[in-house]
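I have placed the structure first, in the form of structure tokens, so that the comments after it can refer back to it.
Chain naming here is simple, since letters A, B, ... match the order of the sequence lines and numbering starts at 1 in each. Atoms considered below: every heavy atom in the structure, side chains included; atoms not considered: hydrogens, waters and symmetry mates.
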Protein chains: 2
Amino acid sequence: MSDDLRSLTDLDRLIHEPARLLIVTILSTAESADFLFLQRETGLTKGNLSAHLSKLEEGGYVKIEKTFKGKLPLTVCKLTASGQKAFQGYRQQMQAFIMQTK
Amino acid sequence: MSDDLRSLTDLDRLIHEPARLLIVTILSTAESADFLFLQRETGLTKGNLSAHLSKLEEGGYVKIEKTFKGKLPLTVCKLTASGQKAFQGYRQQMQAFIMQTK
DNA sequence: CAAACTAGTTTGTGTTGCAAACCATAAAGT
DNA sequence: ACTTTATGGTTTGCAACACAAACTAGTTTG
């Protein structure tokens, strides 16, 4: 079997998880996004979104900055360089998979 | 945001799991494959392969037939119609994702 | 007949994804 | 003033999962 296919087993799980793939995809086009924006766009619960963002942050894929908008908390997220690279890598791996199957 | 992207969150987890995606991909081209062949091709441990095949069987994506080759057990697996359909659906969803991102 | 091999399955464990409950602050109602 | 209600999240509890190691049942080899 082709190595491209076998490489499926080492897909980056941090990105492969659908909820995070969605988050990262949005961030890849948005330059930066706040928590509530991400929640609306993804449809995730706050709890889930918070947990996934924390994982992405731990992995170094997302930078999270907590500030205030007026008097309310504001959490702003953006993809790091490493996050962008990981996303592109994932995308390419998936593209290879698509092209090798039928 | 586009519905195609948001639909990432309802990717079929049974197929999305990399080890199973690999198994299903192999089965989608192989008509039928025995346990040891799958193990060689996927590089999974026996335990893992066994567990993933059981899940695919429970989900109705794979039919498993246990027979003998001479005196040794022989486990033959094949994708069901439902499994093929699920695989195609997954592939199309991923293709849509690839095409919508950059 | 004992050791080693074959073809798997079951068990144990740490990790995860998810929703529900919670928390701190701020605005609104009475 | 003071008690709800809303805002913007985080923490907790739990079932499900992925994985490797241990086990099982039968077979061949020495």
Side-chain angles (χ1 to χ4, degrees), chain A residues 6-27 32-59 61-78 90, chain B residues 6-27 32-78 86 90:
Chain A
R6 190 176 275 196
S7 77
L8 283 177
T9 51
D10 47 61
L11 276 170
D12 184 344
R13 311 296 270 242
L14 202 49
I15 294 214
H16 188 59
E17 162 61 30
R20 287 190 299 263
L21 180 54
L22 184 49
I23 293 171
V24 167
T25 300
I26 292 171
L27 289 180
S32 103
D34 63 74
F35 189 95
L36 293 176
F37 173 77
L38 283 176
Q39 203 203 338
R40 275 195 313 279
E41 295 295 293
T42 60
L44 295 171
T45 62
K46 291 172 188 303
N48 252 327
L49 177 56
S50 177
H52 285 306
L53 282 175
S54 293
K55 295 221 158 158
L56 288 170
E57 187 182 27
E58 281 167 37
Y61 289 178
V62 163
K63 183 84 199 317
I64 298 181
E65 224 154 339
K66 287 166 195 308
T67 63
F68 288 86
K69 177 174 55 178
K71 297 181 170 179
L72 291 179
L74 177 68
T75 298
V76 178
C77 314
K78 63 176 55 174
Y90 180 85
Chain B
R6 187 173 280 197
S7 76
L8 283 177
T9 50
D10 47 62
L11 276 170
D12 184 344
R13 311 296 273 240
L14 201 50
I15 293 215
H16 189 59
E17 161 63 29
R20 284 189 302 260
L21 180 54
L22 183 49
I23 294 170
V24 167
T25 300
I26 293 171
L27 288 180
S32 102
D34 64 75
F35 190 94
L36 293 177
F37 173 78
L38 283 176
Q39 203 204 339
R40 276 195 312 277
E41 295 294 293
T42 60
L44 295 171
T45 61
K46 292 172 188 301
N48 253 325
L49 177 56
S50 176
H52 284 307
L53 283 176
S54 293
K55 294 221 158 160
L56 288 170
E57 188 183 26
E58 281 168 36
Y61 288 178
V62 163
K63 183 82 199 316
I64 298 182
E65 223 152 340
K66 290 168 194 308
T67 63
F68 289 86
K69 178 174 53 179
K71 295 182 172 180
L72 291 179
L74 177 68
T75 297
V76 178
C77 314
K78 62 176 59 176
Y90 179 85

Specify the separation, in whole Å, of atom [atom1] of [X] and atom [atom2] of [N].
X     : N      : atom1 : atom2 : result
B:K69 : C:dC5  : NZ    : P     : 18 Å
B:E58 : D:dA18 : CD    : P     : 11 Å
B:Q39 : C:dT9  : CD    : P     : 11 Å
B:R13 : C:dT16 : CZ    : C1'   : 10 Å
A:L74 : C:dA24 : CG    : P     : 21 Å
A:L38 : D:dG8  : CG    : C1'   : 13 Å
B:F68 : C:dT6  : CZ    : P     : 17 Å
B:R20 : D:dA16 : CZ    : P     : 14 Å

*asked:* In terms of relative ring orientation, are A:Y90 and A:H16 parallel, tilted or perpendicular, with 30° and 60° separating the classes?
replied: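 A:Y90 and A:H16: tilted rings.
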Looking at every strand, decide which applies to [X] at a 4.0 Å heavy-atom threshold: base, sugar-phosphate, or nothing.
X     : result
A:E17 : sugar-phosphate
A:K46 : base
A:L44 : nothing

*So, for B:I26 and B:E41, which heavy atoms are closest and what is the spacing to 0.1 Å?*
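Reported closest heavy-atom pair: CD1-CB, 3.7 Å.
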*Which heavy atom of B:P18 sits nearest a heavy atom of A:L8, and at what distance?*
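The pair with the smallest heavy-atom distance is CB-O, 3.3 Å.
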_Partner of A:L14 under side-chain contact (heavy atoms from CB on, under 4.5 Å), chosen from A:V24, A:L21, A:L56_ =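 Only match with A:L14 under side-chain contact (heavy atoms from CB on, under 4.5 Å): A:L56.
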*asked:* Please list, in numerical order, the residues of residues 48-55 of chain B that have a heavy atom closer than 4.0 Å to any atom of DNA chain D.
replied: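 B:N48, B:H52, B:K55, in order of number.
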Report the nucleotide, chosen from [options], that has the shortest atom-to-atom distance to any side-chain atom of [X].
X     : options               : result
A:P73 : C:dG8, D:dG8, C:dG17  : D:dG8
A:T45 : C:dG8, D:dA20, C:dA19 : C:dA19
B:K71 : D:dT27, D:dG9, D:dA18 : D:dT27
A:F35 : C:dA27, D:dG9, C:dC18 : D:dG9

*Checking side chain to side chain contact (heavy atoms under 4.5 Å, CB included) for the pair A:T42/B:T9: CA distance, chi angles, key distance, verdict?*
CA-CA 8 Å; A:T42 60; B:T9 50; 5.8 Å; no
*A:Y61 and A:K55: side chain to side chain contact (heavy atoms under 4.5 Å, CB included), yes or no, with the steps?*
CA-CA 9 Å; A:Y61 289 178; A:K55 295 221 158 158; over 6 Å; no
_Under a 3.5 Å distance rule, please check whether A:R20 uses its side chain to pair with a backbone N or O of A:R13 as donor and acceptor._
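Present.
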